Amino acid sequence: MSTAPHAWIDQFYAGLKELDKSTFPKTCNSCGKIYETPSAFIEETNAVSNQSGLAAYANDAGPFVGLFRDCSCRSTLLGTFKDRRDNSPRGVNMREKFDVMLTLLDAKGIEKKTARVELLKVLKGGESELLATLGVDIRSL
């Protein structure tokens, strides 16, 4: 089965975008713009200047990934995406999406163990040279 060269990247990004929906809708405190979903937050904001915008954090609720994005009013916002180890129905759904991303990378010839390590690097705010060689630019989230 053949797919368009960048179709798998779109699927990959879709998986990252859907990892957590618990902090939405998100409202910009500066201008009042409301981002109803994680997808809207990512699509309607801009990357923070030449950075991935990703950072790993922890609080009383556990570890999470923060995604910094600039609102159209230029205020920097933080979207939070929880750790995938949640055992709730939402957590199970997140793991399923992670598995889909692993399968997409496996189809590109990347060993699942390696793909898992690279995905976790990105989800924890790091960079993945391997994913970059495949055309995955985490800064474009």
Side-chain angles (χ1 to χ4, degrees), residues 2-141:
S2 176
T3 59
H6 298 289
W8 80 272
I9 293 175
D10 293 338
Q11 287 180 294
F12 183 82
Y13 285 148
L16 286 177
K17 290 175 184 178
E18 295 301 319
L19 283 175
D20 186 42
K21 293 183 179 182
S22 65
T23 62
F24 292 88
K26 176 165 268 325
T27 303
C28 176
N29 289 332
S30 295
C31 70
K33 179 159 175 64
I34 298 171
Y35 301 95
E36 295 290 339
T37 64
S39 293
F41 177 70
I42 292 168
E43 292 167 11
E44 297 172 20
T45 58
N46 299 305
V48 177
S49 61
N50 297 325
Q51 299 174 20
S52 72
L54 294 169
Y57 296 98
N59 62 19
D60 292 341
F64 66 94
V65 173
L67 176 60
F68 291 94
R69 301 286 291 177
D70 285 338
C71 180
S72 57
C73 74
R74 298 188 182 187
S75 178
T76 300
L77 307 172
L78 173 64
T80 57
F81 300 81
K82 292 183 181 177
D83 181 32
R84 69 177 193 90
R85 284 176 237 150
D86 180 353
N87 289 321
S88 69
R90 184 189 58 77
V92 171
N93 184 40
M94 287 170 34
R95 279 192 294 285
E96 288 171 358
K97 290 180 185 314
F98 190 86
D99 288 342
V100 168
M101 290 186 286
L102 285 176
T103 301
L104 289 168
L105 292 171
D106 183 51
K108 288 293 179 184
I110 298 172
E111 199 176 294
K112 281 203 176 193
K113 182 178 178 180
T114 301
R116 183 179 186 282
V117 168
E118 296 302 308
L119 283 172
L120 289 174
K121 276 186 203 175
V122 169
L123 291 174
K124 292 179 180 180
E127 302 276 331
S128 170
E129 290 181 26
L130 177 61
L131 295 180
T133 64
L134 293 172
V136 177
D137 181 6
I138 199 68
R139 293 173 298 203
S140 69
L141 278 177

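Just so we're clear, the structure is a prediction, and the values are computed from it rather than from any experiment.
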Evaluate the side-chain proximity of [Y] to [X]: yes if any heavy-atom separation is below 4.5 Å, no if none is.
| X | Y | result |
| --- | --- | --- |
| Leu105 | Leu134 | yes |
| Arg69 | Leu67 | yes |
| Tyr35 | Thr45 | yes |
| Leu130 | Thr133 | yes |
| Phe41 | Glu36 | no |
| Cys28 | Cys73 | yes |
| Cys31 | Ser75 | no |

Lys108 side-chain N/O to Thr103 backbone N/O, donor-acceptor pair under 3.5 Å: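 Flag not set: sc Lys108 to bb Thr103 has no pair under 3.5 Å.
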
Approximate separation, where rounding is to 0.5 Å, of Asp106 CG and Leu104 CG: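 One finds 9.5 Å between CG of Asp106 and CG of Leu104.
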
Between OG on residue Ser128 and CG on residue Leu119, distance to nearest 0.5 Å: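 Atom-to-atom, Ser128:OG and Leu119:CG are 8.0 Å apart.
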
Chi angles and distances behind the salt bridge (Lys or Arg N to Asp or Glu O under 4.0 Å) call for Glu44, Lys33: CA-CA 10 Å; Glu44 297 172 20; Lys33 179 159 175 64; 3.1 Å; yes

Candidate pair Asp70 and Thr76, rule side chain to side chain donor-acceptor pair (under 3.5 Å), full reasoning: CA-CA 4 Å; Asp70 285 338; Thr76 300; 2.7 Å; yes

Minimum heavy-atom distance between Cys71 and Leu77, given as atom pair plus value: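 Closest heavy-atom pair between Cys71 and Leu77: CB-CD1, 3.9 Å.
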
Side chain to side chain contact (heavy atoms under 4.5 Å, CB included) between Leu102 and Ile110, intermediate numbers included: CA-CA 9 Å; Leu102 285 176; Ile110 298 172; over 6 Å; no

